[in-house]
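Chain letters run A, B, ... following the sequence lines, proteins first and then strands; every chain starts at 1. Computed over heavy atoms, backbone and side chain alike; hydrogens, waters and symmetry mates excluded.
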Amino acid sequence: MSASPRLAAVRLGFGPSRGGEAEGAEAMLAALAGPDVDAARWPVGDFATALANARAHREAQRAHRAGTEGAGEALRAAQRARREEMDGILAHRLARAAAGQPFRERLAWFWADHFTVRPREPRMRAGVAAYADAAIRPHLGGRFADMLKAAALHPMMLLYLDQAESVGPNSRQGLRRGRGLNENLAREVLELHTLGVEAGYTQADVRGLARLFTGLSFTAETGFRFAPGRAEPGGDKVLGRVYGSGREARLEDILDALEDIAARPETARHLGWKLATHFVADTPDTGLVDHLAEAYRAGGGALRPVYAALAEHPATWASPGAKVRQPLEFLACAFRALGADPLGLAGLRARDRARLTFAALAAMGQPFEDPTGPDGWPEAAGRWITPHGLAARIDWAMTAPPRLLEAAARPDPRALVEAVLGPEASEATRMAAGAAETEWEGVGLVLASPEFNRR
Amino acid sequence: MLTRRFFLRGAAAVGCSAAAAPLVTPVTLLAAPWEQRLVVIILRGAMDGIDALRPLGDPAYAGLRPTLAAEAATGLDNFWALHPALDPILPLWQAGELAFAPAVSTPYRDKRSHFDGQALLEAGTGTDLAPGQARDGWLNRMLGAIPGTTAETAYAIGQDGLLVLAGQAGVLRWSPEARLTLSPQSRLLIEHMYHDDVLFRDAGGQAMTIADAVAGEDDMAGAGAGPAVPLAAFAAERLKEETRIAAFSIAGWDTHRDQARVLPRALTQLARAIVTLRDGLGPVWERTAVLAMTEFGRTARENGTGGTDHGTGGTLFAAGGAIRGGRVIGRWPGLAEADLYAGRDVMPTADVRAVAGWAMRGLFGLDRGLIEATVFPGLDLGSDPGLVA
């Protein structure tokens, strides 16, 4: 490996910590073989709980509308519980990022974005983090095909991309109720999750996969459930192969298709390009993309060899600072650099907390866990460093640190530059850190510097 | 100690980049080359054109839309009816300030990806360039071709990227919820830190200039009325001044299911945005054209889940005092099985770029050759639909 521990921390993690500690690429990758201790230590809830809380909120709202006695108090309690739930999820996600396995965390964020879900209604927002923990996290160091299956079968995905409503027109339920297909999930699996839009699939493949996907369903009690009564009978042709037959529809056929699609060379290339685009450069080196795709193929779709290929390729380390940190990364890096405990957010007044977290992220262009569409967040630096997005970052940098740290814990801005930016700091940033009118402003300037906002 | 030297060094290095100029000098308020205003609204997610503007007179319509067409709509004439969520803009139709172009599309076909579809719509290119390859948008190329435009001439508003206004020509970008207050010393130091990083220098410079310009304005006008209204209110504020072109986007059109419940929310946003522009612009509305366009339409048939899937031909909305409205323009292809594109979508009968091109020709007097060579390279504009008075 040809990277300094500091550079590895910047490119593959959330930067050095306040004291300048950085563990190096090898240790960061090796941690993936061990247990996922941070997820257990800072839980973000599960789907069943998110669903139950959402239902409790809906019930409370109904009762309130109906004028039931005491319903106002119950509704306020349910709303408070939802806010606390989201506050907790954000704080725990930041705490994981500040902890000891930053590459695992970066991967968890990357793959959850690759398999973006959004809640169908705002009260299900807590389900997003629960989905990422259940479907994405267990497979970060495993096989892509397993992650694909877990994501495609998760109730949040089935809800988001309308699969839960799609019914085979000739299935028992389709014939009885006159319902039919919805091709949303099938299209995005091919276009976004696996082959990529440039691959040579057709509308017929989308329809075939949509027919094959019928039957993917869930219940509140069991979570995922395969419902043969909604599945379109007969075989379905996808990318030249027919899955299933005239007999009863089976989940195995769907899993076989996903396994095959994951193994295709277009998928290898698409994933290699996505990883390189996210970790290295908005327009990545084609040699690097080829190298990642080859590692994916050679490893039979295992992901750890792909990460190893990323770490060993010179292009990965050749363009430090080429990427801009996304707003949530910026927050995580700032907590890490300041040595501030994200759980301390709980001690702030609700309004201040919201201003420094959810409102700030929205103003920076990245409302928490709420991208516009299933393609997730944009990668291009210019999409983040806009006048309004940068204004929000500067505003956060200049106002948040005194609220997150006791005055006694305030870093010396000149020391902060060296610890967090080190040799990457420009002369101008070093000079600004020392020339600010107050130490807090100096700290803010370090966080607002181009070097801190790049990786 | 920081001195004026940094500013001077900045000025020398910035050179001819219009977007970077605000860092070192206040925006120069040159008179814009025209008085007419153009607002482009990108409807992200593929609006179902035939639910928004319903061809009730088409004999196939009711059969294709058994549940969606069941709800009452507001009749415009003996063929077309407006979705009830668009009632707020009905007075514009009656005043001759609202027109529609149904069955329009970009050249994008068959793969029906939102993201490629939007990329092509905003790039304004043909299919010779792969979607996503384009680095600039058609509004930006139009600005670049007109002498005398300044960064202030055009505003990209809101958080999203708006490729349609991206490119070589300087434009301003802002989102109405953004804030920036800094001590003079911090501001100076930030300018110094950003000086050698062109991305941060341009964005930071614009941020500081705009923050100064809009200070004291009622910057949260329309908050609470939904996401599009503050964008429209901000656009109206700027268009009353030196700005001539504004663009923003409205999302929420991807109605794969439960469309009867979901689509009205997006239509309400669009209607409110148009009404907010009219009210905010006052007398300037007379010289304004608003074009709202989407990446493609949706399937002619309802799908199995009370919604519609990705289609081809879509509908363009045109509003404003500069629009010859009260009309539905272009050729309606019909919805009979044989008339559909690929047996499933509304057949496009005109290129959405031609509609926009003729509108710009009418508003700004652009040369036809310039539109066909530079703004929409390779496009044949065809005949004038007469959208602009």
*Considering residues, nucleotides and ligands other than A/Arg58, do more than 12 of their heavy atoms fall under 6.0 Å from its CZ?*
yes
*Is there a side chain to side chain contact (heavy atoms under 4.5 Å, CB included) between B/Phe200 and A/Ile394 once you walk through the steps?*
CA-CA 11 Å; B/Phe200 283 74; A/Ile394 297 171; over 6 Å; no
_Step-by-step side chain to side chain contact (heavy atoms under 4.5 Å, CB included) determination, A/Thr386 to B/Trp174_ = CA-CA 8 Å; A/Thr386 59; B/Trp174 196 245; over 6 Å; no
*Could you tell me which portion of A/Thr429 (side chain, backbone, both or neither) has an atom closer than 4.5 angstrom to a non-hydrogen atom of chain B?*
both
_Where B/Arg173 and A/Ile385 come nearest, the two heavy atoms and their spacing_ = NH2-O, 4.5 Å
_Can a donor-acceptor pair be found, under 3.5 Å and without considering hydrogens, that links the side chain of A/Glu437 to the backbone of B/Ser183?_
no
*Mind checking the CD-CG spacing from A/Glu165 to B/Asp258? Nearest 0.5 Å is all I need.*
8.0 Å
*How about A/Leu390 and B/Leu180: do any of their side-chain heavy atoms sit closer than 4.5 Å?*
no
*Which region of B/Arg44, side chain (C-beta onward) or backbone (N, CA, C, O), has a non-hydrogen atom less than 4.5 Å from a non-hydrogen atom of chain A, or is it both or neither?*
neither
*Using the side chain to side chain contact (heavy atoms under 4.5 Å, CB included) rule, take A/Val197 and B/Phe115 through it: C-alpha gap first, then chi angles, then the decisive distance, then the call.*
CA-CA 9 Å; A/Val197 73; B/Phe115 319 113; over 6 Å; no
_Side-chain ion pair, B/Arg344 and A/Glu183, N-O less than 4.0 Å_ = yes
*asked:* How about CZ on A/Arg351, more than 12 heavy atoms from neighbouring residues, nucleotides or ligands closer than 6.0 Å, or not?
replied: no
_Could you go through A/Gln203 and B/Asp110, starting from their C-alpha distance and side-chain angles, then the distance that decides it, and tell me whether this counts as side chain to side chain contact (heavy atoms under 4.5 Å, CB included)?_
CA-CA 7 Å; A/Gln203 176 65 31; B/Asp110 297 337; 5.9 Å; no
*Given that the side chain runs from C-beta out, which part of B/Leu162 has a heavy atom under 4.5 Å from chain A: side chain, backbone, both or neither?*
neither
*So, B/Asp197 and A/Arg454, do they make that salt bridge, N to O below 4.0 Å?*
yes
*Taking the side chain from A/Arg187 and the backbone from B/Lys111, do they hold a donor-acceptor pair closer than 3.5 Å?*
yes
*Sort out for me which residue in A/Asn182, A/Asp162, A/Asn184 forms a side-chain hydrogen bond (donor to acceptor under 3.5 Å, both in side chains) with B/Arg257.*
A/Asp162
_Contact between B/His114 and A/Glu188 at the side-chain level, heavy atoms closer than 4.5 Å - yes or no?_
yes
*Are any non-hydrogen side-chain atoms of B/Asn303 and A/Leu181 less than 4.5 angstrom apart?*
no
*For chain A, which of B/Ala207, B/Ala203, B/Ser113 has the most heavy-atom pairs under 4.5 Å?*
B/Ala203
